[in-house]
Amino acid sequence: MHDIKRLRQNADDVKTAIARKGFDADTAKALELDTRWRQMTQRGDEFKAELNKASKAIGMAKKAGRDAQEEMDHARSLREQAAALDDEKRAVRAELDTLLASWPAEPDPNAPEGLTENENLEVREWTPDEPAPDFKLQDHLALAEGLGILDMPRGAKITGGGWPLYVGKGARLERALINFMLDTQTGEHGYNELYVPFAVNRDSAFGTSQLPKLEEDMYLIEKDDLFLIPTSEVPITNMHRNEIIDGDSLPLKYSAFSACFRREAGAYGADTRGLLRVHQFNKVELVQIVEPETSDQTQLEILGHATEILERLKLRYRVLDLCCGEMSFGAARCFDIEVWAPGTESWLEVSSVSNFRDFQARRMNLRYRAGDHGKPELPHTLNGSGLATSRLMVAVMESYQTPEGRIRIPAALQNYMGGLDQISGV
RNA sequence: GGAGAGGUGGCCGAGUGGUUGAAGGCGCUCGCCUCGAAAGCGAGUUUGCGGUGACCCCGUAACGUGGGUUCGAAUCCCACCCUCUCCGCCA
């Protein structure tokens, strides 16, 4: 959500910034609505002031035993005028709020210019110190089906296409990845572990800015008007919605595992093979709520926490600085981490590390108070995946395959697999 | 799902439809006192919006949420949400 006060002062700056994301914000319309709203607010408050005064006078008159019929008639007409104005004002405010809520966040001045993935900037690439394989690589689907550890057809039977069913060692490997990641983030990087609800209400979905834009991308439980979470960012960050946090407790660092659900409406094509794009996947999420001055640094810290996982798994990855048009609705700056899938021969997004600055905080009325005195202020919120499994699973399987079609277990995961060092069957 | 009780400031807790943003207590902050502390005494201590960029000040709004009655609602009426207790069902 945008700051109306900033808009009053710097409408052109706001419009220009948002335009970098390829969005044309009608700031003139917003300013006009705001002006009308303020005028009506002022007039309405004057009516109410007079009404309050009149009511008190009536109260005193009655107490003194005097008749106050004339004053009461006058007060009634005041109330009616105030009420009419209020209705009108509410409508204008609703229109203004809807308009403001539809604008994406302003990108950071340092975010790369551009609207398509071609303008994303590669920041760095990391390659493990391993010899290149000297045999023909299979892709993850062929490998996993060959071993019987992934059963997409039965997943489709149970639910539908894109709902993976892991079997045996495949299921165990998925769980090992989750436990490894969660243990690393909570045990070593100082995140407080949460276990969150997998469904959220509309206020929460609005707070982290999935609503209104992404309504069609989420699963809606109509009967209860709840959304299945597309990421645990939503329940985690909304934990403190409508709260004033003690500044001394910042930064707040939370990590949680959750299943994530995405309709992927409109997504189709080559990306859909196997586990590349599915409706349900698992993810360990990292969220921080910090003081504004530190958020840029925090973003790099989270990026490091996420890439640490890939380095321990010895998986090749690269980091992209997303251009303005590629960032999510609420982000001011975003770094994507892509892991290399050698069998599929493509880079797979396994994490987005985003700085939302005060955009989400304002939407969800999340504030903090620095020191004992002073006004509540908006903190900055950030999150990053640390990491998402289904694609990570692809990279592990394809990178650790043997010429016989087996999958070696990365050293970092062997303890989580009961000491197993290779999958050769279910 | 059924029955009942309840939601008031950071916390506890009062509040007969009338000058109540809200008694009292706790906590916290500042001051006095003290060598220092405790105790005691005194003062202060919610947030949003508008006037105005900030302070002060003025106005307005907020007692779970949203409506309604009324000149006037924390108080009366309606709907909804949440919490607790009991019963039922259930992983």
Side-chain angles (χ1 to χ4, degrees), chain A residues 1-14 30-97 99-101 195 197-207 221-227 235 238-250 259 292 358 361-379:
Chain A
M1 186 70 100
H2 291 267
D3 182 4
I4 187 74
K5 287 174 185 163
R6 173 165 155 70
L7 195 71
R8 285 171 195 158
Q9 292 159 13
N10 274 317
D12 290 346
D13 289 356
V14 174
L31 285 175
E32 183 227 310
L33 289 167
D34 178 54
T35 302
R36 279 172 60 201
W37 179 82
R38 279 150 81 194
Q39 286 167 348
M40 286 189 268
T41 298
Q42 222 173 313
R43 278 184 56 213
D45 281 359
E46 282 163 16
F47 276 126
K48 286 175 195 166
E50 206 181 326
L51 177 61
N52 288 341
K53 224 179 285 177
S55 296
K56 284 181 185 175
I58 293 165
M60 284 190 283
K62 289 213 159 181
K63 214 168 206 173
R66 279 189 280 114
D67 172 75
Q69 192 54 49
E70 204 174 306
E71 292 93 322
M72 281 167 63
D73 290 343
H74 174 60
R76 175 191 286 268
S77 102
L78 279 173
R79 186 197 60 182
E80 280 163 2
Q81 290 176 85
L85 201 57
D86 261 358
D87 288 346
E88 209 184 325
K89 189 181 87 168
R90 232 194 309 271
V92 170
R93 184 72 208 195
E95 198 182 340
L96 176 58
D97 286 343
L99 185 62
L100 287 179
Y195 192 93
F198 287 5
V200 295
N201 58 33
R202 276 182 189 275
D203 286 344
S204 292
F206 180 83
I221 305 167
E222 256 181 87
K223 206 166 185 179
D224 300 293
D225 204 29
L226 298 174
F227 295 96
N238 276 282
M239 197 171 127
H240 296 291
R241 172 156 50 82
N242 279 322
E243 290 183 14
I244 299 177
I245 298 167
D246 180 357
D248 291 338
S249 64
L250 299 183
D358 60 13
R362 186 173 291 107
R363 281 172 99 88
M364 64 174 75
N365 192 29
L366 163 63
R367 292 168 295 169
Y368 78 100
R369 199 192 306 275
D372 288 334
H373 302 291
K375 290 272 174 194
E377 297 174 70
L378 295 167

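Hydrogens, waters and symmetry mates are skipped; everything else that's a heavy atom, side chains included, is used. Each chain gets a letter, A, B and so on, in the order its sequence line appears, and its residues count up from 1.
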Mind checking the [atom1] distance from [N] to [M]? Whole angstroms is fine.
{"N": "B:A3", "M": "B:U8", "atom1": "C1'", "answer": "26 Å"}
{"N": "B:A73", "M": "B:C63", "atom1": "P", "answer": "11 Å"}
{"N": "B:C58", "M": "B:U16", "atom1": "P", "answer": "30 Å"}
{"N": "B:C30", "M": "B:G18", "atom1": "C1'", "answer": "36 Å"}
{"N": "B:U47", "M": "B:C33", "atom1": "C1'", "answer": "36 Å"}

Quiz item: RNA chain B in dot-bracket, Watson-Crick or G-U pairs under 3.5 Å, [ ] crossing, | other strand?
Solution: ((((((((.[[[..)..(.....]]]((((((.......))))))((((((.....)))))).[[[[[..)....]]]]])))))))....

Self-check item: Contact list for residues 47-56 of chain A, test salt bridge (charged side-chain N to carboxylate O under 4.0 Å, His left out), sequence neighbours left out
Solution: A:K48-A:D86

Quiz item: In B/S/- notation, 5' to 3', how is nucleotides 49-61 of chain B contacted by protein heavy atoms closer than 4.0 Å?
Solution: SSS-------BSS

Kindly list each side-chain donor-acceptor pair under 3.5 angstrom involving residues 72-85 of chain A, sequence neighbours excluded, with atom names and distances?
from, atom 1, to, atom 2, distance (Å)
A:D73, OD1, A:Q69, NE2, 3.1
A:S77, OG, A:H74, O, 3.3
A:Q81, NE2, A:S77, O, 3.3

Practice problem: Return the set of residues passing salt bridge (charged side-chain N to carboxylate O under 4.0 Å, His left out) with A:D225 (not counting sequence neighbours), or none when no residue passes. | Solution: A:R202

Quiz prompt | Partner residues of A:R90 under the salt bridge (charged side-chain N to carboxylate O under 4.0 Å, His left out) criterion, sequence neighbours left out | solution = A:D87

Quiz item: Among the nucleotides B:G18, B:U46, B:G67, which one has an atom lying closest to any side-chain atom of A:I58?
Solution: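 Given the options B:G18, B:U46, B:G67, the side chain of A:I58 is closest to B:G18.
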
Practice problem: Side chain of A:S55 only, please: which of B:C71, B:U47, B:G67 is the nearest? | Solution: B:C71

